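Report on the following structure.
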Amino acid sequence: MTRLPPGAHTEVLVIGGGIVGLAVAWRAAQRGLRVLVVDPRPGGGAAQVAAGMLAPVTELQYGEEPLLRLGMASNERYAAFAAELTEAAGGRDTGYRRCGTIAVALDSDDREELRELHAFHQRLGLDSQWLTGREARRLEPMLAPGVRGGLHVTDDHQVDGRRLAAALVHACERAGAVLHRTEATGLLVEHDRATGARLATGESVTADRVVLAAGSRSHLLPGLPPGVLPAIRPVKGQVLRLRVPEAYRPFLSRNVRAVVRGGHLYLVPRENGELVIGATTEEQGYDTTVTAGGVYELLRDAHELVPGITELPLVETGAGLRPGSPDNAPLLGPTALPGLVAATGHYRNGVLLTPVTGDLVAEYLATGTLPELARPFSPTRFTKVPA
Ligand code: GLY
């Protein structure tokens with residue numbers, strides 16, 4: 001590993017080289033800023049496990065309209081972002097696929113829940129079409145005969161998180177951002193301002209601005225003054241990867257989601273034959289063990305939805321941690337500590353929100369103004385104002 005020169009200084013130091021940190025670094029470097037990213041494995045993190053559904057409409061929750069606006073803004077820029085990234089990364093494809101999503105119901109309770117979601121979509125003027133069970137099976141013939149109806153959302157797509165991460169690593173390096181493969185062990189704070197970080201190599205680096213993009217570990221960075229960031233919950237998701245042999249393709253043509261026994265289940269079919277099935281939702285701290293129970297639950301529910309999956313080779317199991325903020329929305333922009341900028345807390349939406357996060361945070365770094373779209377997500381919304 002190349003060592004930093006003594007007294008190393010950069011304009012922007014990004015702590016955390018997952019896809020969010022890399023997107024911020026890439027966009028900031030494109031704007032002419034000097035950028036250093038510290039992460040032991042740039043491109044690692046939750047994107048290595050995520051299924052990569054880009055589903056602001058089918059994943060919409062009541063009361064999360066500002067998040068919907070942010071998600072839709074990111075979804076709308078995905079095609080151009082993916083094309084630009086592929087070009088910037090020397091032709092590395094991101095697996096972005098405009099395939100649409102259907103969300104289906106297996107019993108009458110699930111159907112009622114989807115009916116309410118559909119009514120909510122209509123009130124918000126979103127493009128979402130109601131399907132009978134027969135119409136759903138006409139679109140996806142592998143669905144179980146018992147599917148009771150659902151929704152078709154033609155604008156909810158997918159990307160491959162692993163390829164996205166690999167492309168971002170290359171694009172960052174080609175844009176001049178330095179990726180330093182080590183861990184940040186402490187935030188440097190002088191005169192109530194973030195001024196850099198100490199690193200596991202024993203080095204330290206000073207910076208005009210520090211971007212904290214360390215996912216579910218962001219608030220644990222030693223040296224971070226109390227109250228600047230809320231605690232980020234690690235929310236475990238177990239995921240399976242199956243392979244659809246050539247002879248069975250197309251097995252599914254679009255993303256398929258369902259609520260099964262109250263849990264979110266989705267199947268994401270990639271063009272290369274990979275079929276990702278996710279995901280459990282478990283709040284058990286920083287544990288990424290794949291459990292028999294998790295795998296059983298996913299296979300049981302996916303089999304109920306698409307019985308033919310039992311014929312497919314199971315090639316990989318994995319677990320990742322979603323970074324959940326107290327209100328499940330991301331933290332974007334300047335914090336209460338001058339010099340410290342947040343790009344974290346993306347919970348279920350890290351892959352979806354990567355393009356818009358890169359753009360908004362880089363805009364702030366380059367101009368000092370946080371764009372309007374990011375304002376509902378200011379990290380200071382959690383900062384206690386003294387009485
Ligand atoms: N966005 C999918 C998940 O969090 O499981």
Side-chain angles (χ1 to χ4, degrees), residues 18-20 23 45-62 64 67-68 70-75 78 94-97 99-104 117 151 153 155-162 164-165 215-216 232-242 252 254-270 274-284 286-288 290-291 293-295 297-299 301-302 305 316-330 344-357:
I19 53 173
V20 166
Q48 293 297 320
V49 177
M53 270 190 76
L54 306 174
V57 175
T58 42
E59 284 205 345
L60 176 63
Q61 305 283 318
Y62 297 100
E64 291 190 346
L67 188 57
L68 170 73
L70 190 69
M72 288 188 65
S74 207
N75 206 21
Y78 234 105
T94 62
Y96 176 68
R97 182 178 182 193
C99 58
T101 296
I102 59 171
V104 296
L117 181 62
L151 296 173
V153 174
D155 287 334
D156 278 2
H157 303 303
Q158 63 165 281
V159 72
D160 184 332
R162 292 177 176 177
L164 178 68
S216 57
I232 308 286
R233 295 153 18 243
V235 184
K236 177 174 165 182
Q238 300 191 47
V239 166
L240 312 176
R241 284 176 156 77
L242 282 61
L252 296 172
R254 52 186 63 66
N255 305 325
V256 175
R257 303 183 55 90
V259 178
V260 186
R261 284 174 274 272
H264 293 264
L265 178 73
Y266 43 83
L267 287 82
V268 177
R270 302 215 197 285
E274 182 175 78
L275 177 66
V276 187
I277 301 180
T280 62
T281 301
E282 303 163 67
E283 302 212 18
Q284 306 181 350
Y286 293 88
D287 164 45
T288 51
V290 175
T291 62
V295 173
E297 197 182 294
L298 290 170
L299 285 176
D301 294 351
L305 191 64
E316 194 183 322
T317 59
L321 298 174
R322 306 173 182 93
S325 74
D327 60 5
N328 295 336
T344 187
H346 291 68
Y347 189 41
R348 288 186 172 279
N349 297 302
V351 180
L352 169 66
L353 297 178
T354 288
V356 83
T357 300

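Counting starts at 1 for both ligands and their atoms, following the listed order. Quick caveat, the model's predicted, so the values are computed rather than measured.
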Between ligand 1 and [X], can you find any atom pair, the residue atom being a heavy atom, that is separated by under 4.0 Å?
X    : value
Y347 : no
R322 : yes
E59  : yes

Q.
Any nitrogen or oxygen of N349, side chain or backbone, less than 3.5 Å from one on ligand 1?
A. no
Q.
Tell me whether R162 is salt-bridged to E316, with the criterion being a basic N under 4.0 Å from an acidic carboxylate O.
A. yes
Q: May I ask you to decide whether E283 forms a salt bridge with R233, counting only side-chain N to carboxylate O separations under 4.0 Å?
A: yes
Q. Can you tell me which residue and heavy atom of the protein come closest to atom 2 (C) of ligand 1, and the distance to 0.1 Å?
A. Y266 OH, 3.2 Å
Q: Specify the protein heavy atom at minimum distance from atom 1 (N) of ligand 1: its residue, its atom name, and the distance to 0.1 Å.
A: R348 O, 2.7 Å
Q. Would a distance-only check, ignoring hydrogens and angles, find a side-chain to backbone donor-acceptor pair under 3.5 Å from Y96 to H157?
A. no
Between [Y] and [X], is there a side-chain heavy-atom distance shorter than 4.5 Å?
X    : Y    : answer
V295 : V290 : yes
P330 : T357 : no
V20  : T344 : no

**Q.** Ligand-side contact atoms (ligand 1) for residue partner A279, heavy atom cut-off under 4.0 Å
**A.** 5 (O)
